Amino acid sequence: MTRPTPLSGFPEWLPAQRLIEQSLIERIRRTFELHGFAPVETRAVEPLDQLLRKGETSKEVYVLRRLQADAADATDSGLGLHFDLTVPFARYVLENAGKLNFPFRRYQIQKCWRGERPQEGRYREFYQADIDVIDRDGLPNHYEAELPVVIAEALAGLPLTFKMHVNNRKLSEGFYRGAGLADPMAAIQAIDKLDKIGPDKVAALLAETAGATEAQAKACLALAEISAEDGSFAEAVAKLGVSDPLLDEGLAELTTVIETGREHAPGLLVADMRIARGLDYYTGTVYETFIAGRERFGSVCSGGRYDNLASLGDETFPGVGLSIGVSRILGVLFGQNALSVSRPTPTCVLVALPAEDDRPECNRIAAALRARGIATEVAPAPAKFGKQIKFADRRGIPFVWFPGAEQQVKDIRSGEQAAADPAQWTPPAADLYPVVG
RNA sequence: GUGGCUGUGGCUCAGCUGGUAGAGCACUGGGUUGUGGUCCCGGGGGUCGCGGGUUCGAGUCCCGUCAGUCACCCCA
């Protein structure tokens with residue numbers, strides 16, 4: 001059989017990288033729980049109509065089908081792998097509304113799948129770490145200010161600088177409406193392309209899809225120019241001379257978000273009127289996060305407020321959420337070798353095996369160490385001690401244990417060796433588990 | 001889905017205008033008789049991505065295909 005080749009877009013890491021990935025996920029998980037978000041895991045698949053109902057581009061959804069299903073088989077109901085965690089969560093909330101307490105704050109760290117052409121920092125199978133707060137009927141604005149603070153803590157300590165760009169759909173929509181545009185939503189989608197196609201083409205697009213006059217297009221572009229790390233953006237918007245009640249609402253909400261961020265996550269947030277986001281279910285604050293110097297990688301943490309994603313009859317469940325692109329951040333970290341791990345295996349102690357007959361004794365030593373939380377393995381086969389030390393050295397295992405009448409443990413980095421009792425001996429805390437840093 | 005580039009031991013790569021497949025690292029055995037890392041000597045491992053064509057002869061040239069990769073699109 002020919003050697004299997006990697007599947008593009010479906011990354012599989014070596015143990016050292018997986019340890020780094022796990023430590024990043026663990027760090028995020030602990031922060032989420034520290035802020036009182038409850039864990040949830042949803043199934044990998046959703047009915048296709050659920051996945052597609054909010055205008056997602058259908059071509060990126062991986063569809064699930066039984067190999068034996070024939071064309072006429074109607075029970076082959078059309079399942080697709082989820083492409084994010086927000087849509088499944090909205091479905092989950094509706095399904096369990098009666099058992100949940102609102103406002104409900106949950107986190108979810110799971111794989112997602114998108115059938116796009118992969119490239120650096122973009123995968124077809126990847127981890128997202130998602131927090132959302134969903135309430136019943138109404139959702140106070142302060143949650144939109146709270147979530148970025150949680151994210152800032154989750155990502156703190158990574159050797160990367162994050163900038164979260166924040167805008168508010170009400171602000172944009174109100175402005176466009178106040179400026180007299182017929183189709184504010186079309187204008188939002190046109191402005192979303194500003195970075196890619198430039199102001200000239202956006203102006204043309206505004207005229208074409210949103211029915212903007214030359215002066216209106218100019219006003220839209222002027223709004224998109226505004227950005228600030230503090231509340232001063234509101235005055236800049238006011239200077240453009242457009243007034244609309246929805247605009248005022250958006251300005252007030254965005255000010256709350258920015259000012260809260262200034263206090264609890266200094267340096268993270270920037271109000272940026274050009275952030276629009278393609279998804280049409282957002283109704284308030286929208287977020288996109290970039291790594292300083294790696295803006296081309298795209299957003300590594302995005303989300304927003306959605307008022308209409310989940311509704312049941314006349315009951316609505318408005319929410320706000322943010323998703324960390326764990327795999328994408330990891331891609332950047334691996335790409336610049338920014339993180340390393342002290343060893344590629346959890347094993348802290350290798351028990352040397354003098355002869356096969358000694359295995360029962362070695363197993364007892366290993367059990368005694370494990371009972372006290374020390375990751376231990378017994379050498380695979382009897383061999384000269386030099387070889388067994390080499391075995392440990394190759395794997396970065398810091399300690400080799402020699403059984404016998406007087407048991408000894410050797411730190412193979414320093415060469416220090418001393419008598420030790422498996423019921424007593426403890427390694428330095430830093431050696432207990434692989435350290436990521 | 002469209003276009004550019006690239007496919008040679010596990011890894012990084014060399015291989016001339018076509019002439020019988022190489023190096024370093026890694027692995028493994030020994031020197032060193034049960035305490036490693038250095039050093040020295042030896043060993044294993046490759047359908048040259050796959051299929052076809054040109055040729056006396058193809059890793060090398062041509063066509064196709066698959067995979068990887070980058071860009072577009074879209075997004076975490």
Side-chain angles (χ1 to χ4, degrees), chain A residues 1-11 14 24 28 55-61 82-87 108-131 151 154-155 162 164 189 192-193 195-197 275-279 286-291 294-304 321-332 335 350 352-356 358 379 381-404 408-418:
Chain A
M1 172 174 152
T2 51
R3 169 183 296 281
T5 55
L7 255 181
S8 172
F10 294 88
L14 291 170
L24 175 58
I28 292 169
E56 263 304 316
T57 31
S58 54
K59 59 179 180 181
E60 72 180 23
V61 174
H82 59 230
F83 51 79
D84 73 2
L85 300 175
T86 308
V87 171
Q108 212 172 324
I109 303 173
Q110 285 180 241
K111 283 193 168 168
C112 300
W113 295 268
R114 288 184 199 177
E116 301 169 321
R117 266 285 207 288
Q119 41 187 283
E120 195 173 25
R122 176 197 297 177
Y123 309 99
R124 298 203 269 211
E125 179 178 61
F126 55 96
Y127 273 108
Q128 276 195 188
D130 202 290
I131 41 173
I151 298 294
L155 299 180
F162 297 94
M164 186 181 284
Q189 279 161 358
D192 188 44
K193 299 194 188 305
D195 281 332
K196 276 172 204 141
I197 62 179
I275 296 299
R277 308 216 14 86
L279 294 174
V286 286
Y287 318 85
E288 273 187 17
T289 310
F290 301 94
I291 295 172
R294 297 307 192 95
E295 288 78 5
R296 298 248 167 92
F297 259 59
S299 176
V300 294
C301 179
S302 299
L322 268 169
S323 273
I324 299 175
V326 175
S327 299
R328 185 170 273 185
I329 290 174
L330 222 52
V332 174
L350 175 78
L353 184 66
E356 197 50 47
D358 297 313
K384 291 195 265 189
F385 283 162
K387 286 188 132 206
Q388 306 208 35
I389 291 168
K390 204 166 169 181
F391 177 97
D393 188 39
R394 290 275 153 75
R395 289 161 179 75
I397 299 170
F399 297 98
V400 175
W401 195 281
F402 299 103
Q408 298 197 321
V409 65
K410 179 191 190 78
D411 181 334
I412 65 173
R413 295 159 302 188
S414 63
E416 244 172 85
Q417 185 168 335

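Residue numbers start from 1 in every chain, and the chains themselves are labelled A, B, ... in the order their sequence lines are given, proteins ahead of strands. Treat the numbers as computed from the prediction; the structure is a model and nothing was measured.
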Picking from [options], which would you name as closest to the side chain of [X]?
X        : options                : value
A:Arg328 : B:rG29, B:rA76, B:rU33 : B:rA76
A:Arg117 : B:rA71, B:rU33, B:rU35 : B:rA71
A:Val300 : B:rA76, B:rG68, B:rU35 : B:rA76

* Asked: Reading RNA chain B 5' to 3', what string of ( ), [ ], | and . shows its pairs, if Watson-Crick and G-U wobble pairs count only when both distances fall under 3.5 Å?
  -> (((((((..((((.....[..)))).(((((.......))))).....(((((..]....))))))))))))....

Rounded to whole angstrom, note down the [atom1] distance from [N] over to [M].
N      : M      : atom1 : answer
B:rG45 : B:rG57 : P     : 29 Å
B:rG46 : B:rC63 : C1'   : 26 Å
B:rA26 : B:rC41 : P     : 15 Å
B:rG7  : B:rC48 : P     : 15 Å
B:rG18 : B:rA58 : C1'   : 6 Å

According to a strict under-4.0 Å criterion, is [X] in side-chain N/O contact with OP1 or OP2 of [N]?
X        : N      : value
A:Arg394 : B:rC27 : yes
A:Lys193 : B:rC73 : no
A:Ser8   : B:rU69 : yes

* By ring pair (Phe, Tyr, Trp, His ring centres under 6.0 Å), which residues pair with A:Phe290, not counting sequence neighbours? ->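 A:His165.
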
* Asked: Residues in ring pair (Phe, Tyr, Trp, His ring centres under 6.0 Å) with A:Phe402, at least two apart?
  ->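 Expected list: A:Phe385.
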
* Asked: If you take atom types as modelled and just measure distance, does the side chain of A:Asp393 reach the base of B:rG36 with a donor-acceptor pair under 3.5 Å?
  ->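 Present.
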
* **Candidates A:Ile329, A:Ile324, A:Val326, A:Leu155 - the one meeting side-chain contact (heavy atoms from CB on, under 4.5 Å) with A:Val300** =>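 In the set A:Ile329, A:Ile324, A:Val326, A:Leu155, the residue that makes a side-chain contact (heavy atoms from CB on, under 4.5 Å) with A:Val300 is A:Ile329.
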
* Asked: Do side-chain atoms of A:Ser323 reach the backbone of A:Ala129 as a donor and acceptor pair under 3.5 angstrom?
  ->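 No.
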
* Please tell me if the side chains of A:His82 and A:Val87 come closer than 4.5 Å, counting only heavy atoms from C-beta onward. =>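 A:His82 vs A:Val87: side chains apart.
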
